[in-house]
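So you know, we letter chains A, B, ... as the sequences are listed, proteins then strands, and number each from 1. Values reported hereafter were calculated over all heavy atoms of this structure, with side chains retained and with hydrogens, waters and symmetry mates removed.
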2 protein chains.
Amino acid sequence: MDHTRWLDDEEMRMWLAFIAAGTLVDRELDQQLKEEAGLSHLQYEILIWLNEAPDRAMRMTELAERLINSKSGLTYQIGQMEKAGLVRRRPCEWSGSGVMAELTDEGRALLERTAPGHVEMVRELIIDVLTPEQRAAIADGLGKVRDRILERKGEACW
Amino acid sequence: MDHTRWLDDEEMRMWLAFIAAGTLVDRELDQQLKEEAGLSHLQYEILIWLNEAPDRAMRMTELAERLINSKSGLTYQIGQMEKAGLVRRRPCEWSGSGVMAELTDEGRALLERTAPGHVEMVRELIIDVLTPEQRAAIADGLGKVRDRILERKGEACW
DNA sequence: TCGTAGCAGTTCAAATTTGAACTAGATACA
DNA sequence: TGTATCTAGTTCAAATTTGAACTGCTACGA
């Protein structure tokens with residue numbers, strides 16, 4: 001009376017590859033960014049998101065959602081980056097409570113200095129390793145995985 | 001004079017999906033395991049690896065490599081799990097220095113209790129969301145990504 | 001105009017992770 | 001033998017992450 005649908009070999013092969021690749025890629029990027037710019041991968045992504053936002057600024061909560069990070073974790077990281085002069089906090093115009101995290105010129109400059117090496121590494125680690133067909137399958141497949149989890153959580157949060 | 005090969009839309013789509021799916025899946029599994037068994041995903045994987053090893057035991061360093069984890073991190077986690085009675089440490093027969101982490105009966109029992117729900121969740125989150133073609137592409141593609149990083153690091157370690 | 005509820009962020013303590021330094025058991029070889 | 005080296009694990013302090021509790025606004029209904 002074991003209803004469990006265990007993973008078959010092919011499924012297991014995929015699962016192991018998925019887990020390991022995710023961990024390894026993240027680790028490598030973290031290390032390179034640390035060396036080149038003293039940033040963690042998370043901090044780098046904060047710079048990226050802010051840089052692409054209108055006015056290079058975003059609400060804390062929205063930023064946390066984009067990053068898939070807890071609110072308190074973001075408070076901490078923004079604190080660190082503020083000390084380092086990479087971002088600045090200011091109250092949100094509409095909203096009363098509400099804080100905008102804003103990229104400073106220094107943060108933007110660091111991002112621009114760092115981005116080429118980072119993209120290079122992303123290509124080397126994953127993009128250029130895959131065939132266009134594999135990239136398409138991963139974009140479609142994992143995109144769906146992501147979207148389903150996000151909607152599943154609905155408004156659940158941290 | 002910008003030689004950087006920036007990511008095109010299709011590449012970026014894949015990259016974002018890859019990063020987000022990895023983070024989200026890990027988070028969900030962590031949460032479910034915590035609720036059902038009081039385990040982190042990492043601890044669950046320790047149980048899995050040990051359970052599949054000959055004699056249900058493995059050297060610390062090898063285990064750390066399999067898990068893609070730092071040695072000191074593993075020392076900590078094995079310590080926690082030892083307190084909880086899930087694993088046991090014993091000296092390695094050959095090797096003098098060298099410690100084997102060994103699954104206890106209690107650890108094995110917990111794993112067996114927990115595995116069905118975990119597999120269920122893995123299916124729901126990712127396996128059953130993908131088409132067989134996507135699974136094959138991911139297994140091949142990300143398998144290659146993983147293997148290249150592992151060989152790149154060669155004997156480099158923590 | 002209160003009082004309650006909800007939202008946005010922060011704070012705080014506890015758990016975990018990191019990486020560098022350290023210890024002890026081999027190994028090698030002069 | 002004696003010394004330098006290497007490997008396997010551990011320890012330790014610092015950085016980060018977590019989740020729960022808390023603070024300040026806003027909105028809403030009585």
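- Judged by the 6.0 Å distance and 45° axis criteria, Arg59(B) is not positioned over the aromatic ring of Trp49(B).
- Residue Leu39(B) contributes atom CG, which lies 11 Å from atom P of dT16(C) at whole-angstrom precision.
- Side-chain atoms of Ser97(B) lie closest to dG25(C) of the nucleotides dT16(D), dG25(C), dT18(D).
- Taking side-chain N and O atoms only, Gln77(B) has no distance below 4.0 Å to OP1 or OP2 of dA15(C).
- The pair Glu10(A)-Arg13(A) meets the salt-bridge criterion, with a side-chain N (NZ, NE, NH1 or NH2) lying under 4.0 Å from an Asp/Glu carboxylate O.
- As a whole-Å value, the separation of Leu74(B) CG from dT18(C) C1' is 14 Å.
- Expressed to the nearest 0.5 Å, how far CG of Leu50(B) lies from CG of Leu111(B) amounts to 9.5 Å.
- Scanning all heavy atoms of the two residues, the minimum distance from Glu28(B) to Arg152(A) falls at OE1-NH2, 3.0 Å.
- At a threshold of 4.0 angstrom between heavy atoms, the contacts of Thr75(B) include nucleobase atoms, whether or not backbone atoms are also involved.
- Nearest to the side chain of Arg59(B), among dT18(D), dG9(D), dT10(C), sits dG9(D).
- Between the OH atom of Tyr76(B) and the P atom of dA8(D) there is a distance of 25 Å, given to the nearest Å.
- Note: NE2 (His41(A)) to P (dT18(C)) measures 15 Å, nearest angstrom.
- Residue side chain Ser72(A) reaches the base of dG19(D) through a donor-acceptor N/O pair under 3.5 Å, judged by distance alone.
- Contact check on Arg89(A) versus Glu82(A) returns a salt bridge, with a Lys/Arg side-chain nitrogen under 4.0 Å from an Asp/Glu carboxylate oxygen.
- In this structure, the CZ atom of Arg89(A) is 16 Å from the P atom of dG24(D), given to the nearest Å.
- For the pair Lys34(B) and Gln80(A), nearest-nucleotide mapping onto DNA chain D gives the more 5' position to Gln80(A).
- Gly98(B) comes within contact range of the sugar-phosphate backbone alone, with a heavy-atom separation under 4.0 Å but no base atom that close.
- Of the candidate nucleotides dA15(C), dA8(D), dT10(C), dA8(D) has the atom nearest to the side chain of Lys71(B).
- Of the candidate nucleotides dT18(D), dG25(C), dT10(D), dT18(D) has the atom lying nearest to any side-chain atom of Arg27(B).
- Whole-Å rounding puts the Gln31(B) CD to dA20(D) P distance at 10 Å.
- Rounded to whole Å, atom P of dT16(D) lies 13 Å from atom CD1 of Ile78(A).
- Met60(A) has its CE atom 19 Å from the P atom of dT23(D), to the nearest Å.
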